[in-house]
Amino acid sequence: YYMTEDKAKKLEVIFVILGCILTSLICVCTVFQRNMIVMSADEMGPISIAAYWNGYDWSNVISHGAYYSYGYSFILYPLFLLFKTPEMFIKSVVVVNSVFSGLMVLFSWLVAKEIKPEAKSSFRVLVAVLCGAFASNVARSSSAWAEVFLALLCWILFYSFVKIYKKGSF
């Protein structure tokens, strides 16, 4: 059986999309089984900023913690508008982080295609899925930590830098 180059490219894209979806599903699989909100101090910083922007006074909650991750708070801000209960808000944050994990598969694949276009497509897809679904990424996706978003930003920047380098100028 001979596969044309066009069919091989389409098949690679299909596997990347499946890898994105599978990674997101792995990360989100426990979100709807949660009945209790458990949060660390690290999660409270960006959430409290987003809460403040939505008109909530969390000063007693965060008075002993730090305000940081303002960029991630921009992601959380609209979730406060969409979901009025704390349980649904936290679940929505986990879903968003799971989508970010799936997007890491896409951007790592794009980087692999740019850096090593002669590599087998199956190798590029495997590397991309492993980059998106590595253990600490999956673990962090099930919380409201900013690290998943930051890791995605690193992949987006890396891809952008590779494209700029290949173009030869800014």
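Hydrogens, waters and symmetry mates play no part in the numbers below; they use all other heavy atoms, side chains included. Please read all numbers here as calculations on a predicted model, not as lab measurements.
Taken to the nearest 0.5 Å, the OG atom of S108 stands 10.0 Å off from the CG atom of L152. Annotation: the span from Y52 atom OH to S73 atom OG amounts to 13.0 Å, rounded to 0.5 Å. For the atom pair F74 CZ and I49 CD1, the distance stands at 9.5 Å (nearest 0.5 Å). Atom-to-atom distance recorded for W145:CH2 and L150:CG is 12.5 Å, nearest 0.5 angstrom. Interatomic distance, N54 CG to K84 NZ, rounded to the nearest 0.5 Å: 7.0 Å.
With hydrophobic clusters built from ILVMFWY side chains whose heavy atoms lie under 4.5 angstrom apart, F134 does not share a cluster with L18. Hydrophobic clustering (ILVMFWY, side-chain heavy atoms < 4.5 Å, transitive): V125 and V127 are in distinct clusters. Hydrophobic clustering (ILVMFWY, side-chain heavy atoms < 4.5 Å, transitive): V16 and F158 are in one cluster.
Counting only heavy atoms from C-beta outward, the side chains of C131 and W155 approach each other to under 4.5 Å. Within the 4.5 Å cutoff, no side-chain heavy atoms of I156 are placed close to those of L103. Here the side chains of Y72 and L153 are not in contact, with every heavy-atom distance at 4.5 Å or above. Looking at heavy atoms from C-beta onward, K116 lies out of side-chain contact with R124 at the 4.5 angstrom threshold.
The main-chain N or O of F149 is never found under 3.5 Å from a side-chain atom of N97 such that the two would form a donor-acceptor pair. In this structure a side-chain-to-backbone donor-acceptor pair under 3.5 Å is missing from S101 to S24.
If you chain together ILVMFWY residues whose side-chain heavy atoms come under 4.5 Å of each other, L126 ends up grouped with L130.
Relative orientation of the Y77 and W53 rings is perpendicular, given thresholds of 30° and 60° on the angle between their planes.
Scored by the side chain to side chain contact (heavy atoms under 4.5 Å, CB included) test, V13 finds I17, W109 as partners (sequence neighbours excluded).
Closest non-hydrogen pair, V94 versus C27, comes out as CG1-O, 4.4 Å. G19 and V129 make their closest contact through CA-CG2, 3.8 Å (heavy atoms, listed as atom of the first residue, atom of the second, distance). Taking both residues in full, the closest heavy atoms of V105 and A128 are given as O-CB, 3.4 Å, listed atom of the first, atom of the second, then distance. Listed here is the closest heavy atom pair of A119 and F123: CB-CD2, 4.2 Å. Nearest heavy-atom pair across T23 and G132 is CG2-O, 3.4 Å. The two residues I26 and C29 come nearest to each other via the heavy atoms O-SG, 3.3 Å.
Note on E5 versus K9: salt bridge recorded, some NZ/NE/NH1/NH2 to OD/OE distance being below 4.0 Å.
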| said: V148 vs M104, test: side-chain contact (heavy atoms from CB on, under 4.5 Å). Steps then yes/no. | reply: CA-CA 9 Å; V148 178; M104 274 187 252; 3.8 Å; yes
| field | Working for side-chain contact (heavy atoms from CB on, under 4.5 Å), residues I47 and F80 | value | CA-CA 9 Å; I47 290 175; F80 266 105; 4.0 Å; yes
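Other residues, nucleotides and ligands place more than 12 heavy atoms under 6.0 Å from the CZ atom of F89.
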